[in-house]
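First the structure, in the form of structure tokens, and then the observations on it.
Quick caveat: nothing in here was measured; it's all calculated off a predicted structure.
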Amino acid sequence: MTRLRALSLLLLAALAPAAACGPTGAVRAHAAQADTVTFPLEWDFPRGAIAPVTASRGMVVTTDRVASEVGAEILRRNGNAVDAAVATHFALAVVNPEAGNIGGGGFLVVRMADGTTASLDFREMAPMAASADMFLDSAGNVSDTLSLQGHLASGVPGSVAGMWEAHKRFGSLPWADLLQPAIALAEGIVVHERLALSLRAYEERLARYPATARIFLPNGRPPRVGERLVQADLAETLRRIAEGGMDGFYRGRTAELVEAEMRRGGGIMTADDMGRYRAVWRDPLRFGYRGHEVISMPPPSSGGVTMAAMLKILEGYDLRSLGYLSPEHAHLFTEAARRAYADRNAYLADPDFVPQPTERMISDAYAAERRRTIDRNRATPSAQVNPGLGQVPGEGENTTHYSIVDARGNAVAVTTTINSLYGSLVTVDGAGFLLNNEMDDFTAKPGVPNQFGLVQGAANAVQPGKRMLSAMTPTIVLDPSGRVLLVTGTPGGSTIITSIAQIVSNVVDFRMDVATATSAPRLHHQHLPDTLRYERDGLTAATEARLRAMGHALAERGGYQGDVQSIVILPGGYQSAVADPRRGGAAVGVGEVRRVVQ
Ligand code: DON
């Protein structure tokens with residue numbers, strides 16, 4: 001045993017008794033990693049380059065250190081994981097205004113220590129005056145801007161209703177207390193690098209909307225690192241939510257301000273639309289993957305179903321023996337994704353409007369049928385991969401994710417978004433929050449790609465009161481003994497599903513620790529366009545060449561794919577987490593442990 005290892009064991013021995021109902025025994029990575037895992041030499045995040053944060057009494061991992069600290073403080077005050085999620089959500093709306101939000105929506109998956117699982121849909125809803133052709137011009141062409149920028153781009157926000165519902169069912173601390181950290185932050189934060197950079201990159205766009213410019217470009221320019229950003233109107237709105245709960249947002253002054261903003265800018269959302277909004281508990285999407293139970297989000301997110309369809313196909317192969325990101329592994333992953341997205345794009349939509357083929361799409365029998373069409377040596381052109389479940393209905397960066405586990409073992413995964421960075425760019429004047437541009441996730445016209453290049457069908461057409469299809473995939477994986485193993489999720493538009501499928505496979509198939517699983521290079525294929533996208537230097541030249549020879553069209557991404565925030569529970573019960581090294585998030589543990597025995 002090395003000296004370091006001996007010291008860390010001593011440290012752990014000292015810490016373990018402090019974890020009252022938490023972990024026992026030594027901290028050990030959840031399993032030895034397969035030696036088939038190697039990353040390309042030039043890859044930006046070599047194995048071992050980032051260390052997970054390990055803790056004994058709870059963990060919060062988000063895209064922002066301040067928000068993670070807010071959540072961890074709630075855990076220290078004996079709040080549970082849902083309390084921490086609520087406080088974290090509102091904090092992110094302040095410190096991460098480009099994605100964190102009260103003007104957007106999202107999905108929450110929870111697994112309580114008593115075994116209760118639930119999933120909450122707080123996705124935005126089309127206003128009642130919305131219509132299927134609202135983004136088409138008189139010639140029937142899709143507008144380049146209307147679903148993305150300005151007042152028509154927004155669905156009725158769901159986040160406040162989502163947090164309210166989650167808290168009502170599972171929360172333990174008083175609601176108003178959970179809003180206090182966000183209110184304090186809205187009164188003034190010190191701008192950090194990531195926010196300064198994104199405000200600068202969006203300066204010209206933010207300047208187009210006076211109410212947005214007044215807040216985010218004070219003195220006519222984006223604040224620099226170290227300067228203060230004050231969001232006084234947002235603080236007031238958060239106070240109304242603290243005092244009035246959900247009604248503090250969906251009724252009275254806030255709803256009136258939304259309607260007034262819409263009138264000024266030619267939008268269609270009304271105070272009545274706001275008053276009508278409800279978050280909906282849905283049966284979680286559950287499926288088995290190599291003896292593990294995966295719990296994720298059902299429609300109106302496509303995330304869980306599409307990931308399940310992919311993994312069910314992949315379950316038929318011994319991925320581990322192929323070698324991580326070997327040509328054979330990358331090929332099978334791509335073929336599974338191509339087939340799952342073909343079905344996703346055709347069938348999936350708001351289940352309250354369109355019957356969903358969920359059970360069939362995630363069944364072993366269907367996976368076997370799809371698998372039979374895969375050639376181990378040749379790419380199948382997407383043009384030859386049709387939706388496989390019969391009649392298609394209608395025929396004849398930015399988002400943020402947070403994962404939280406508390407000392408009792410309650411686990412929460414939340415992905416939330418206003419869609420593009422800074423959403424529709426419209427701030428509700430007097431209420432201080434940005435509205436989403438989630439209407440772009442609907443099919444503006446069947447066959448015409450949206451901003452993520454997704455070619456979707458009529459099932460996902462705009463209808464009054466309908467929720468647009470999402471790719472968000474907040475996910476919790478249980479190990480074969482039924483204990484929480486992984487809590488995960490990410491932004492990334494259409495790539496969310498492939499990113500999370502890879503995280504699950506990295507942990508389950510390749511037995512990677514949380515840091516390796518997160519830093520591993522990612523792939524993406526979404527049926528159309530027929531392109532296998534990979535991160536810069538994420539594949540070796542030899543693998544690329546072999547994949548091209550198999551008939552894949554490859555494209556290297558300029559940037560990265562995703563911003564995954566995961567927690568893995570180690571065998572002794574300790575929580576081990578990393579924020580994705582691709583961006584600037586942070587894992588904050590309660591009862592942090594410095595060293596882990598690998
Ligand atoms: O719901 C969805 O699938 C998208 N609106 C998510 C947007 C997103 O992740 C943007 N981030 N890069």
Check: Glu124/Ser154 side-chain N/O donor and acceptor closer than 3.5 Å: no
Side-chain donor-acceptor contact under 3.5 Å, Thr416 with Asn101: yes
Plane angle bin for His552 and His331 - parallel if under 30°, tilted between 30 and 60°, otherwise perpendicular: perpendicular
Ring centre gap for Tyr422 and Tyr209 strictly below 6.0 Å: no
Pair Ser131, Asp133: side-chain N/O donor-acceptor within cut-off below 3.5 Å: yes
Residues which pass salt bridge (charged side-chain N to carboxylate O under 4.0 Å, His left out) with Glu438, listed by chain and number, not counting sequence neighbours: Arg123
Side chain to side chain contact (heavy atoms under 4.5 Å, CB included) against Ala330, all qualifying residues, sequence neighbours excluded: Leu523, Leu547
For Ala139, all residues meeting side chain to side chain contact (heavy atoms under 4.5 Å, CB included), sequence neighbours excluded: Asp137, Asn141
Geometric class of the Phe510/Tyr324 ring pair [parallel <30°, tilted 30-60°, perpendicular >60°]: perpendicular
ring-ring contact (aromatic ring centres under 6.0 Å, His included): pairs with one or both residues in residues 337-392, sequence neighbours excluded: Tyr341-His524
Short side-chain donor-acceptor distance under 3.5 Å, Gln149 and Arg205: no
Which residues share a side chain to side chain contact (heavy atoms under 4.5 Å, CB included) with Ala368, sequence neighbours left out: Arg371, Arg372
Side chain to side chain donor-acceptor pair (under 3.5 Å) contacts in which one or both residues fall within residues 278-287, not counting sequence neighbours: Thr117-Arg286, Asp121-Arg282, Glu165-Trp281, Arg282-Asp352, Arg286-Glu293
Whether Phe107 and Phe122 hold their rings parallel, tilted or perpendicular, with breakpoints at 30° and 60°: tilted
